[in-house]
Amino acid sequence: MCGCSLIHPPPPPLLSPPANQKPPLYSSRKPIKRGFFMNIESLLSKSTEKGLGSFKVRLGSSSFRLGLGSFKVRFRLRYPSQSSCGVCARAVSNKSYASCIPFNSLDSRQPFNISIASNCLLLVDFHCHLTKNEVVGYLGGTWDPATCNLAILQAFPCRTKLGDNDNAQVVEEEIRRAMEQRHLAPVGWYHSHPYCPARPTVQDTKLQQGYQAALRGPSDSPGLPCIGLICAPYTDKNHFEAEYLCYWVLSEGETKLEVVGQPMQMMYNMSHDSFLTQDLLTEMRLLSDYYRGATDAIHFTVPFQQGLSHWEKLKCSLRSKLPRDLQPLGSPSSAQAQAVTHFWDFLKGLILT
């Protein structure tokens, strides 16, 4: 079934700035370089990464520079899976969960606002549901330093297997070019915890801290903010919608990677897109083709729980992230109901055939 009939033409701002509008604030920077991306190989080889070995945990009061001003907070690193609460850092495993706390628990405000487009979350959700193993991808968007607002507009899935370092480099380059063509900046990454909670591990915290340092650049440069997004699609058998956590690492000097910072939960608003885009439908088709027949692929006809298949569970998770023209407002019109049915039929054709 052709996906083109599901969408309106993509809005011009996604591809190029309107003639009467100034270019995006980040476009005055140099073109996106490969160095702006962390090497995907490190993301796809978590099981083999040695980590930082012995690292320090800083306790007490410190000043943290964010490129958005300075403020003082008081925090304590907590790793609940360890018997000693964040005191002996050498005993902390990369696979241990870090305590991810919101800024209001520190009597402080979040340093910047975050909005995530519904089409972005729709694609992340779909990607994470397709396989029993972890997936990763990049997040593209815009940053407005005047309003301290980070707008995450599009997801860029990594279609590659764990440990496939050669293919990972090719995928990374394709994503870099795709972001440039759409005038988007790399502002984050996402990954899944298929059967575990949406909480960052020590390893996730290290990777996120490395991303922040890569996008921040020199110490005197404000750089771009960078967030991590974790999606847990199958953690709770009684909860059909995927669990999400957006996080950012508060650290004493973002370039000091030998000191593991405190992961902070970042609140965000979902911004409902008006309609599906061709980019979204194309990525869905490519992802379903990539995982079709794979040994780790989810079989959507298999029951997720008694009386509910994985396909029905996927629909429950995606429904809240549909664009406005597919969201029922009161009694849906026959045309809208037909469009929603058309979309579900499109997805069924991708993953159930």
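- Residues L123 and A155 share a closest heavy-atom pair of CD2-O, 3.5 Å.
- Closest approach of Q336 to R324, counting heavy atoms only: NE2-O, 4.1 Å.
- Inter-residue side-chain proximity for V249 and Q212 is flagged as met; some heavy-atom pair is nearer than 4.5 Å.
- Residue H272 holds its NE2 atom at 11.0 Å from CG of L326, rounded to the nearest 0.5 Å.
- Using a 4.5 Å heavy-atom threshold, the side chains of M264 and L106 count as touching.
- Shown are H193, K132, H310; of these, the side-chain contact (heavy atoms from CB on, under 4.5 Å) with Y234 is made only by H310.
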Practice task
Walk me through it: do L347 and M284 pass the test side-chain contact (heavy atoms from CB on, under 4.5 Å)?
Solution key: CA-CA 8 Å; L347 285 190; M284 285 182 160; 3.7 Å; yes

Practice task
Decide side-chain contact (heavy atoms from CB on, under 4.5 Å) for L322 and L122; before the verdict, give the C-alpha distance in whole Å, the side-chain angles of both, and the deciding distance to 0.1 Å.
Solution key: CA-CA 7 Å; L322 294 178; L122 188 68; 4.2 Å; yes

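- Annotation: side chain of F300 is not in contact with side chain of K348 (no heavy-atom distance under 4.5 Å).
- Note that CD1 of I351 is 12.5 Å distant from CG of D289, once rounded to the nearest 0.5 Å.
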Exercise for the section: Apply the test side-chain contact (heavy atoms from CB on, under 4.5 Å) to residues C226 and W248: give CA-CA distance (whole Å), side-chain angles for both, the deciding distance (0.1 Å), then the verdict. Expected result: CA-CA 7 Å; C226 173; W248 184 77; 5.7 Å; no

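- Side chains of L130 and L287 form a contact here, defined as non-hydrogen atoms less than 4.5 Å apart.
- Of all the heavy atoms in S118 and P323, the pair that sits closest is OG-CA, 4.4 Å.
- Rounding to the nearest 0.5 Å places CG of L350 at 5.5 Å from CZ of F126.
- Cluster membership check: M267 does not share its hydrophobic cluster with V124, using side-chain heavy-atom separations under 4.5 Å among Ile, Leu, Val, Met, Phe, Trp and Tyr.
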Practice task
Check the pair L153, C120 against side-chain contact (heavy atoms from CB on, under 4.5 Å), reporting the backbone distance first and the verdict last.
Solution key: CA-CA 6 Å; L153 303 176; C120 175; over 6 Å; no

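- The line from CG of L224 to CG of L150 is 8.5 Å long, rounded to the nearest 0.5 Å.
- Using a 4.5 Å heavy-atom cutoff, the side chains of C196 and Y97 are in contact.
- The number of heavy-atom neighbours closer than 6.0 Å to CD of Q338, taken from other residues, nucleotides and ligands shown, is 12 or below.
- Residues L286 and I175 do not share a hydrophobic cluster, clusters being chains of Ile/Leu/Val/Met/Phe/Trp/Tyr side chains in contact below 4.5 Å.
- Across V187 and G141, no two heavy atoms sit closer than the pair CG2-N, 3.6 Å.
- The heavy-atom pair separating T131 from D296 by the smallest distance is OG1-OD2, 2.9 Å.
- In this structure, R292 places its CZ atom where more than 12 heavy-atom neighbours from other residues, nucleotides or ligands lie under 6.0 Å away.
- The only member of L229, L207, I227, L139 that meets side-chain contact (heavy atoms from CB on, under 4.5 Å) when paired with W189 is L207.
- For the side-chain contact (heavy atoms from CB on, under 4.5 Å) with F156, the qualifying choice from E174, R182, E172 is R182, the only one to do so.
- The shortest distance between side-chain heavy atoms of I230 and P200 falls below 4.5 Å.
- In this structure, SG on C158 lies 10.0 Å from OH on Y290, to the nearest 0.5 angstrom.
- Side chains of D279 and Q154: a donor-acceptor N/O pair is present below 3.5 angstrom, by distance only.
- In this structure a side-chain-to-backbone donor-acceptor pair under 3.5 Å is present from Q327 to R319.
- L121 is listed as a side-chain neighbour of M270, based on a closest heavy-atom distance under 4.5 Å.
- The residues R199 and D204 are annotated as not salt-bridged, no charged nitrogen and carboxylate oxygen being separated by less than 4.0 angstrom.
- Residues passing the salt bridge (Lys or Arg N to Asp or Glu O under 4.0 Å) test with E283 are R159, sequence neighbours excluded.
- Ion pairing between R176 and E173 holds under the 4.0 Å rule for side-chain N and carboxylate O.
- Hydrophobic clustering, with ILVMFWY side chains joined whenever heavy atoms are under 4.5 angstrom apart, keeps V135 apart from V170.
- Proximity of C246 to I114: side-chain heavy atoms (C-beta onward) are separated by under 4.5 Å at one or more points.
- Listed by chain and residue number, H127 satisfy the ring-ring contact (aromatic ring centres under 6.0 Å, His included) test with Y190 (two or more places apart in sequence, or in another chain).
- In this structure, the side chain of D144 engages the main chain of A146 through a donor-acceptor pair within 3.5 Å.
- The closest donor-acceptor contact from the side chain of T205 to the backbone of T201 lies under 3.5 Å.
- Taking all atoms of both residues into account, the shortest heavy-atom contact from P186 to L215 is O-CD1, 3.2 Å.
- In terms of modelled atom types and a separation under 3.5 Å, the side chain of Q262 and the main chain of S99 share a donor-acceptor contact.
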Using residues 311-318 as the side-chain source, report each donor-acceptor pair under 3.5 Å to any protein atom, sequence neighbours left out, with the distance given to one decimal.
residue: E312; atom: OE1; partner: S309; partner atom: N; Å: 2.9
residue: E312; atom: OE1; partner: S309; partner atom: OG; Å: 3.4
residue: K313; atom: NZ; partner: H129; partner atom: NE2; Å: 2.7
residue: K313; atom: NZ; partner: P233; partner atom: O; Å: 2.5
residue: K313; atom: NZ; partner: F240; partner atom: O; Å: 3.1
residue: S317; atom: OG; partner: D125; partner atom: OD1; Å: 2.9
residue: S317; atom: OG; partner: D125; partner atom: OD2; Å: 3.1
residue: S317; atom: OG; partner: A242; partner atom: N; Å: 3.0

